[in-house]
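Accompanying notes for the structure given below.
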Protein chains: 2
Amino acid sequence: MPAVSDAEDTAVRAKQIPEAAVARLAVYLRILSGLAEQGATTVSSEELSAAAGVNSAKLRKDLSYLGSYGTRGVGYEVQVLVSQIERILGLTRQHRVAVVGIGNLGHALANYGGFPGRGFPVEALFDLDPDLIGVPVGGLPVSHMDDIPRVCSEREISVGIIATPPTAAQSVCDRLVAGGVQCILNFAPVVLQVPAHVEVRKVDLAVELQILSFHVARRADSAASAGAAGENQGNTGLPGTGRPADNGSGGGRNGAGTDGGLGMVVR
Amino acid sequence: MPAVSDAEDTAVRAKQIPEAAVARLAVYLRILSGLAEQGATTVSSEELSAAAGVNSAKLRKDLSYLGSYGTRGVGYEVQVLVSQIERILGLTRQHRVAVVGIGNLGHALANYGGFPGRGFPVEALFDLDPDLIGVPVGGLPVSHMDDIPRVCSEREISVGIIATPPTAAQSVCDRLVAGGVQCILNFAPVVLQVPAHVEVRKVDLAVELQILSFHVARRADSAASAGAAGENQGNTGLPGTGRPADNGSGGGRNGAGTDGGLGMVVR
DNA sequence: TGATGTGAAGGCATTCACAGCA
DNA sequence: TGCTGTGAATGCCTTCACATCA
């Protein structure tokens, strides 16, 4: 059997990597970059996993999806891991980013100007506000939302970040898609409708807070019922549950509905 | 057997709700609030699930963790569901919030002034910058970070949001914990060390973008190997994978390492 | 010897399919 | 009849434990 091509190899591996592992690989990558800057050349699974807040078995399994790049008895070469993770995550190409909705959040994103590990240069900004059009933010002038399709297409934008109020989100999304954008990061609390070839991820602060609230409430409740009336019926209190456990951050597509969210333009 | 108390009941149920379901409940809650505002009194699992972007079986299972509050052949009463979800998520109490790091992101959070569904009033702001101390942001004056423990304790803050640069995050976290904060929402790309009774969730934009990048790369790669050289060896290309599928947003604790992240103070 | 890499086992979460009830 | 509620089945992810190899 002939050796598979590089593209095929990457594709085959990538297919099999669990979604959850992908998220962690991105985390490992940041840590590894840090280690590299500090001059480290090798790491053990133990060290790396500790820094990432996972156990070492999980880390090794995650890395094994990349291939076998470690040395038994020694550890991993930092540079090798960095390259391999970047390859799998597709960070070898540039992903030009557009930010839509230049409120406070949009400002933060625009000023950021390229995300860690690079590969995500911000190359277009959009808003509705006439006072904002043309004004440079983070060195880049703001364009009007009506121009999203044209500008995105011209500048070959592949990632769109929606930081608008929820009511505007779907229409912004449609225009981004029309402009050829392939990925959308959505801060508006709305479920976006997109064609099959477009990938969406959502960040919802209200949901995050509510999840935290749940855990606190649960703890308070079980403490209450454990410590309260003597009628312990065996399945409640539980001794100190110990660590909060490695919570997979919730996610998936999200809620249409009431206004509100971080996307609003605050001025 | 005697009827269990309300607190016990909530505690017992809460224990059993899968983490993933909790995240979705928060989403349903937002949609339901929207429906309520529009005057709807009942919903079917079909409608609600469509709005939330999940299938109806999952929705029904999620709601069943609350108890049986639907009417067969009819659907759910919107108000009832709202109350029940709020109860389970612990949204009946107020969770006072402190925001640390008043950069762009911090501004956005501060101006938000209370998150959807309420229950999360922002009651303290902190930064290091002398020019910012005392300046009101969103109607609330900024305090110095050194005062975090005292102020948080005085104002009975239970939720801390870290929007600082990564280097400051752990020390901020320690002070929040000292101030009695129980939950932390961390925007800095660092793994925080906290005592067992403190709950942490992390939001990492760089990771989100990299996950998107992965999916695009994967698609491009498999397209390449499917359409390219004739040597199709049977397990690569795959016909159009169809929908991006309901991606559980990645998460868990995260990466220490290089500087960078959204937390920086941009001025 | 010491750390990686990985089958196998176990635990959650999702999906299915239908019983149960208004 | 129609929609909820839920056991059972399936599939995914994590954890364990040890074979493997520098």
## Note on the structure
Whole-Å distance, A/D62 CG to C/dT6 C1', equals 13 Å
### B/R218/A/E19 salt bridge by N-O under 4.0 Å criterion
no
### Task
Mind checking side-chain contact (heavy atoms from CB on, under 4.5 Å) for A/V80 and listing every partner two or more places apart, or none if nothing turns up?
A/Y69, A/E77, A/Q84
### Message
Expressed as a whole number of angstroms, how long is the span from A/L66:CG to C/dT6:P?
### Response
11 Å
### Query
Would you say A/N55 reaches D/dT15's phosphate, i.e. side-chain N/O to OP1/OP2 under 4.0 Å?
yes
Strictly under 3.5 Å: I want the nitrogen or oxygen pairs between protein and nucleotides 19-22 of chain C, one per line.
{"residue": "C/dG20", "atom": "N3", "partner": "B/R72", "partner atom": "NH1", "Å": "3.0"}

### Task
Can you tell me the distance, in whole Å, between the CD1 atom of A/I17 and the P atom of C/dT6?
13 Å
### Query
In whole angstroms, how far is the P atom of C/dA13 from the CZ atom of B/R24?
9 Å
### Query
Quick one: is D/dT20 close enough that its OP1 or OP2 comes under 4.0 Å of any side-chain N or O from A/R60?
no
### Message
What's the closest nucleotide to the side chain of B/E19 if the choices are C/dG5, C/dA13, D/dT6?
### Response
C/dA13
### Donor + acceptor pair across side chains of A/H95, B/Q210 (<3.5 Å)
no
### Atom pair distance, as rounded to whole Å: OH in B/Y65 and C1' in D/dT4
15 Å
### Message
It should be established whether A/K61 places a side-chain nitrogen or oxygen under 4.0 Å from OP1 or OP2 of nucleotide D/dT14.
### Response
no
### Task
With sequence neighbours excluded, tell me which residues meet side-chain hydrogen bond (donor to acceptor under 3.5 Å, both in side chains) with B/N55.
none
#### Entry: Per A/S64 side chain, nearest of listed nucleotides C/dG5, D/dT14, C/dT4
C/dG5
### Message
Can you measure A/K58 atom NZ to C/dC12 atom C1' for me and round it to whole angstrom units?
### Response
12 Å
### Query
Do the side-chain N or O atoms of B/S44 get closer than 4.0 angstrom to the phosphate oxygens (OP1, OP2) of D/dC3?
no
### Query
Excluding sequence neighbours, so at least two apart, what forms side-chain hydrogen bond (donor to acceptor under 3.5 Å, both in side chains) with A/Q170?
A/D174
### Euclidean distance, atom CG of residue A/L81 to atom C1' of C/dA3 [Å, nearest integer]
14 Å
Tabulate below the donor-acceptor pairs under 3.5 Å that side-chain atoms of residues 46-53 of chain A make, not counting sequence neighbours, or state none.
{"residue": "A/E47", "atom": "OE1", "partner": "A/S44", "partner atom": "N", "Å": "2.8"}
{"residue": "A/E47", "atom": "OE1", "partner": "A/S44", "partner atom": "OG", "Å": "3.2"}
{"residue": "A/S49", "atom": "OG", "partner": "A/S45", "partner atom": "O", "Å": "2.8"}
{"residue": "A/S49", "atom": "OG", "partner": "A/E46", "partner atom": "O", "Å": "3.0"}

#### Entry: Gap between atoms CD and C1', on A/Q16 and C/dG7 respectively (whole Å)
15 Å
### Task
For A/R72, enumerate each residue passing the side-chain contact (heavy atoms from CB on, under 4.5 Å) test, keeping only those at least two apart in sequence or located in another chain.
none
### Message
By nearest atom, which of the nucleotides C/dT14, C/dC16, C/dT4 is closest to the A/Y76 side chain?
### Response
C/dT4
